[in-house]
Protein chains: 2
Amino acid sequence: MGKYDTLVDLLLEVIKEGGDTREKDNSIPVGISNRHIHLSQADLDVLFGAGYQLTKTKDLSQPMQFACQETLTICGPKGAIEKVRILGPVRNESQVEILLADCFKLGITAPVRLSGDLQGTPGITLVGPKGSVFLTKGLMIAQRHIHMSLEDAKRLDVSDGQKVTIQTDGLRGGTYTNVVVRANNTSSLECHIDTEEANAMNLKSTSKITITK
Amino acid sequence: MGKYDTLVDLLLEVIKEGGDTREKDNSIPVGISNRHIHLSQADLDVLFGAGYQLTKTKDLSQPMQFACQETLTICGPKGAIEKVRILGPVRNESQVEILLADCFKLGITAPVRLSGDLQGTPGITLVGPKGSVFLTKGLMIAQRHIHMSLEDAKRLDVSDGQKVTIQTDGLRGGTYTNVVVRANNTSSLECHIDTEEANAMNLKSTSKITITK
């Protein structure tokens with residue numbers, strides 16, 4: 001038997017032995033993020049008035065996170081985008097997550113970053129009903145990531161910080177690499193991608209993806 | 001030596017033997033399409049006046065194809081999108097290629113289709129300086145595809161109509177499946193994706209992709 005035949009036979013055998021694992025439901029719900037803003041209380045005070053409290057309109061899938069009634073205009077050197085949603089609760093530092101397409105409209109090149117990793121990111125102007133703020137940093141395109149509990153991580157055989165590849169089928173199917181696992185005790189299982197990433201693969205908020213590593 | 005070790009050794013050997021093939025430049029330039037319109041002469045006459053001729057501003061990569069100075073407003077039941085570019089020359093049938101994100105704004109669900117495959121697609125209203133046209137069909141999201149000559153097809157070991165998978169590396173790397181090969185005597189090598197597909201993988205007009213099948 002030639003080398004290639006041996007290879008094919010071995011591959012088939014290994015795949016067959018993995019059959020039990022493949023029958024488990026390892027699918028992961030998709031959460032699709034449009035451009036949005038996280039604010040510090042200090043910036044919220046300037047934009048909406050001293051001591052202002054955000055108005056929750058909808059709980060998000062991750063514990064404690066919610067969409068707010070409030071929106072802002074974000075302005076760059078080339079253009080502005082109106083009605084950008086604020087997400088609560090307030091954070092230590094303000095952060096603006098945009099789509100890659102928005103960079104062209106705003107006239108600013110933003111890097112792909114994990115939420116919270118603000119060092120070296122460009123700034124942007126936020127305009128609210130009571131004032132405006134020029135953030136010196138905090139503008140980014142969100143790096144795709146998967147929130148999960150530590151139990152989910154164990155079940156899916158991945159660990160916090162690991163970069164995995166996700167897959168979806170269909171006419172606009174494919175894979176995305178460098179999807180960061182964010183596993184801790186307080187997270188719910190959900191793969192976060194932005195609207196451009198979702199549209200490019202025709203993924204909806206009811207879609208599920210799988211990890212292929 | 002165990003089954004897994006044998007498998008790994010064989011894989012490494014096969015990969016090594018494939019070294020010559022991998023050194024060939026099989027990369028393919030990327031062409032990124034924003035929403036655009038192809039018009040029939042009859043529709044052009046209604047929208048811009050009888051006997052109107054399109055004004056070329058830029059040659060496109062495919063022979064005879066060009067971008068025009070003229071734009072139109074496209075209108076659906078929910079909203080309108082202004083300044084949608086017309087591409088020339090005129091065709092037998094009018095066709096409007098939009099982004100998946102545009103469906104939400106227009107209030108119309110458009111299917112993913114290859115250019116020219118209009119049967120069963122929804123219609124849309126086009127508004128020009130001299131009149132408007134209600135197309136009864138022709139609205140689609142372009143299915144990603146690769147134009148190439150027959151020589152390119154032979155060199156890349158693919159054939160006209162074949163669906164292949166393309167790959168790119170980097171922080172937003174990944175693969176897209178169901179990319180249709182369009183090979184004929186008059187085409188130049190270029191992989192056409194829309195702006196959402198490009199942005200989701202951080203592909204620019206200077207980027208190149210490879211076919212992985």
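Per chain, numbering begins at 1; letters A, B, ... match sequence-line order.
The structure places CZ of A:F104 at 11.0 Å from CG of B:N199, a figure rounded to the nearest 0.5 Å. Once rounded to the nearest 0.5 Å, the distance linking CZ of B:R113 with CG of A:L171 reads 10.0 Å.
For B:K78, the NZ atom is densely surrounded, since the number of other residues' heavy atoms within 6.0 Å is greater than 12.
Looking at A:Q167, neither its backbone nor its side chain comes within 4.5 Å of chain B, counting heavy atoms on both sides. Only the side chain of B:I141 has a heavy atom closer than 4.5 Å to any heavy atom of chain A. Within the 4.5 angstrom heavy-atom criterion, atoms from both the backbone and the side chain of A:N202 approach chain B. Only the side chain of B:R144 has a heavy atom closer than 4.5 Å to any heavy atom of chain A.
Comparing A:T177, A:T165, A:T175, A:T168 by heavy-atom pairs within less than 4.5 Å of chain B, the highest count is held by A:T175. With chain B as the partner, the residue from A:C103, A:G173, A:A198 showing the most heavy-atom pairs under 4.5 Å is A:G173. When each of B:V112, B:L100, B:L99 is scored by its heavy-atom pairs under 4.5 Å with chain A, the top score falls to B:L100.
When all heavy atoms of B:N178 and A:G170 are compared, the pair lying nearest together is ND2-O, 2.9 Å.
The one candidate from B:R172, B:E197, B:M201, B:E196 that meets the side chain to side chain contact (heavy atoms under 4.5 Å, CB included) condition with A:E197 is B:R172.
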